[in-house]
S.K.: 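I'd like to ask you about the structure that follows.
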Amino acid sequence: MTDHVYQQLREQLAYPKLPALAEQLAAALQAAQQNKPSYTQFLADLLSTEVQATEQRRLDGRLRFASFPRHKPLEQFDYDAQPSLDRRLVEELATLRFIAEKANLLLIGPSGVGKTMLASALGLKAVHAGYRVYYTTAADLVARTARSALEGRWQTTMRFWAGPAVLVIDELGYLPMPGEAASHLFQVISRRYQHGSVILTTNRGIASWGEIFEDTTVAAAILDRLLHHATMLQIDGDSYRMRGHRARLQQLRQALAAEPQTKP
Ligand code: ADP
Ligand code: MG
């Protein structure tokens, strides 16, 4: 191939935005001269380079957009540490069928039992499967929504919350939600109802949601929409965060007990 034709080819590949292909062109041509693939195979190999590069770029974009606090995969979840958790249910959730069905997931349990990890890890799976996911805390969601109402960006913000296939709302219940905040949360949940999944984590059993929200009518309305198509995962076990502390405390106690008693 003459230099001229090669250059023209590279430039033409930039038109339909095939930069990875243009990048690989020289190497691919050289390899083809040695391996002599069929025309079809040559083109297929060349195009798959571009497809892979595009997929990687999109995945990186979705990952950045998702704003997960951590990127621990579900495979690192230690089920033995949480015997109360229904492992088969988690594995069923990991198939992501609930997202295709636009159903919700409620993770309920005390602090440190892995709610954020499970919510993010399922979200991460969804991102890898091609879904758009967004992680936020409940406090952040209502603060941003209130700000947007004041600044005249209500509709834009509401569209934003409705957009992703999965909205992870973490840590509901740590802070009380006075009337207006509860109403904002209700409107976000309402907009997503039957359009996209919500993964919500809370330290409060649903029976005590009245204590989170000032307004029990709003609490009931939020629950109604959330639970209509929902899986509930209750985690009652010990805090994973405290395991290290407990082990150290135990060592300390044993060391103290082993020390010879000093006579008074
Ligand atoms: P929660 O959101 O329920 O308060 P987190 O998900 O933040 O708890 O968990 C606290 C820490 O412990 C995190 O670093 C998390 O990855 C880890 N962790 C919790 N449970 C498990 C578990 N079963 N297996 C592995 N790591 C866990
Ligand atoms: Mg958490």
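Every number for a ligand or one of its atoms is a count from 1 in the order of the listing. Hydrogens, waters and symmetry mates play no part in the numbers below; they use all other heavy atoms, side chains included.
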S.K.: I want to know if ligand 1 touches Ala81 in the polar sense, i.e. an N/O pair below 3.5 angstrom.
M.R.: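 No, no N or O pair falls under 3.5 Å.
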S.K.: Quick one: pull up CD in Gln24 and CG in Leu18 and give me the separation to the nearest 0.5 Å.
M.R.: 12.5 Å
S.K.: Using a 3.5 Å cut-off on N or O atoms only, is Arg70 in polar contact with ligand 1?
M.R.: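 Such a contact does occur with ligand 1.
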S.K.: Does atom CD (Gln187) have a neighbourhood of more than 12 heavy atoms from anything else shown, all under 6.0 Å?
M.R.: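 Counting neighbours around CD of Gln187, more than 12 heavy atoms of other residues, nucleotides or ligands fall under 6.0 Å, so yes.
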S.K.: For atom 4 (O) of ligand 1, what's the nearest protein heavy-atom neighbour? Residue, atom name and distance, please.
M.R.: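 Going by distance alone, atom 4 (O) of ligand 1 is nearest to Gly112 N, 2.7 Å.
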S.K.: Counting non-hydrogen protein atoms only, what is the nearest one to atom 8 (O) of ligand 1? Give residue, atom name and distance.
M.R.: Gly114 N, 3.1 Å
S.K.: About how many Å separate CG of Leu122 and OG1 of Thr95, when rounded to the nearest 0.5 Å?
M.R.: 9.5 Å
S.K.: Ignoring hydrogens, what is the shortest heavy-atom contact between Ala121 and Lys72? Give both atom names and the distance.
M.R.: CB-O, 3.5 Å
S.K.: With atoms numbered from 1 as shown, which atoms in ligand 1 lie under 4.0 angstrom from a non-hydrogen atom of Thr116?
M.R.: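 Numbered from 1, ligand 1 contributes 1 (P), 2 (O), 6 (O), 7 (O).
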S.K.: Considering only non-hydrogen protein atoms, determine which one is nearest to atom 27 (C) of ligand 1 and report residue, atom name and distance to 0.1 Å.
M.R.: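 Among all protein heavy atoms, the one nearest atom 27 (C) of ligand 1 is Tyr240 CD2, 3.2 Å.
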S.K.: Count the heavy atoms belonging to other residues, nucleotides or ligands that lie under 6.0 Å from CD of Glu151, then report whether that count exceeds 12.
M.R.: yes
S.K.: Answer yes or no as to whether an N/O/S atom of Thr201 is found below 2.8 Å from the Mg ion (ligand 2).
M.R.: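 Checking Thr201: none of its N, O or S atoms is under 2.8 Å.
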S.K.: Tell me, which protein residue and heavy-atom name are nearest atom 24 (N) of ligand 1, and how many Å apart are they?
M.R.: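 For this ligand atom, the closest protein heavy atom is Asp78 N, 2.8 Å.
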S.K.: Tell me which one of Gln82, Met117, Lys72, Lys115 gets a heavy atom nearest to atom 14 (O) of ligand 1.
M.R.: Lys72
S.K.: Answer yes or no: is there a side-chain heavy-atom contact under 4.5 Å between Phe65 and Val127?
M.R.: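 They are not in contact (no side-chain heavy atoms under 4.5 Å apart), so the answer is no.
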S.K.: Relative to ligand 1, is Glu171 under 4.0 angstrom through side chain, backbone, both or neither, heavy atoms considered?
M.R.: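 No part of Glu171 comes within reach of ligand 1.
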S.K.: For Gly109 and ligand 1, answer yes if some heavy atom of the residue is under 4.0 Å from a ligand atom, otherwise no.
M.R.: no
S.K.: With respect to Tyr174, determine whether any N or O atom, backbone or side chain, lies less than 3.5 Å from an N or O atom of ligand 1.
M.R.: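 Min N/O separation from ligand 1 is not below 3.5 Å for Tyr174.
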S.K.: So do Arg191 and Trp161 actually touch side chain to side chain, heavy atoms under 4.5 Å?
M.R.: no
S.K.: Side chains of Asp78 and Gln82: is there a donor and an acceptor less than 3.5 Å apart?
M.R.: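 Note: Asp78 and Gln82 side chains miss the donor-acceptor criterion.
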